Amino acid sequence: NLLEPQIISLGGGFVKYEDILFNRLKETFYNSSDLFYKEDKPCLVMASYGNNAGMIGSTLAFEQKK
């Protein structure tokens with residue numbers, strides 16, 4: 001809500017439970033009365049690299065600082 005994201009990518013350990021949690025999370029999120037901009041809701045997606053997304057992103061950020 002604060003930054004009005006267009007997309008929210010979920011990764012980490014959550015991907016291990018995608019099949020049982022992701023659809024329930026999307027339903028709860030999209031039906032929430034807490035969303036400020038109800039007509040322009042962000043997309044919820046799973047991170048392309050799954051549980052390794054954070055590790056890969058950290059490595060890429062570290063490599064750019066060299």
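Bear in mind that the values here come from a model prediction, so they are computed numbers and not experimental data. Only heavy atoms go into these numbers, but all of them, side chains included; no hydrogens, no water, no symmetry mates.
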OH on Tyr17 to CG on Leu10, rounded to 0.5 Å
15.0 Å
Considering all heavy atoms, the nearest Ala47-Ser9 contact
CA-OG, 3.4 Å
Out of curiosity, Phe14 CZ to Met46 CE, how far, rounded to the nearest 0.5 Å?
5.5 Å
Calculate, to the nearest 0.5 Å, the distance between atoms CG and CD1 belonging to Leu25 and Ile8 respectively.
9.0 Å
Can you confirm whether Asp40 is buried at CG, in the sense that more than 12 heavy atoms of other residues, nucleotides or ligands lie under 6.0 Å from that atom?
no
Reported CZ-to-CG distance for the pair Arg24 and Leu21, which is rounded to 0.5 angstrom:
6.5 Å
By side chain to side chain contact (heavy atoms under 4.5 Å, CB included) - contacts of Lys26 (at least two apart)
Phe22, Asn23, Tyr30, Leu44
Just by modelled atom types, is the Met55 backbone N or O under 3.5 Å from a matching donor or acceptor in the Thr59 side chain?
yes
What are the two closest heavy atoms between Pro42 and Pro5, and how far apart are they?
CB-O, 3.1 Å
Quick one: does Cys43's side chain get under 4.5 Å of Ile7's, heavy atoms only?
yes
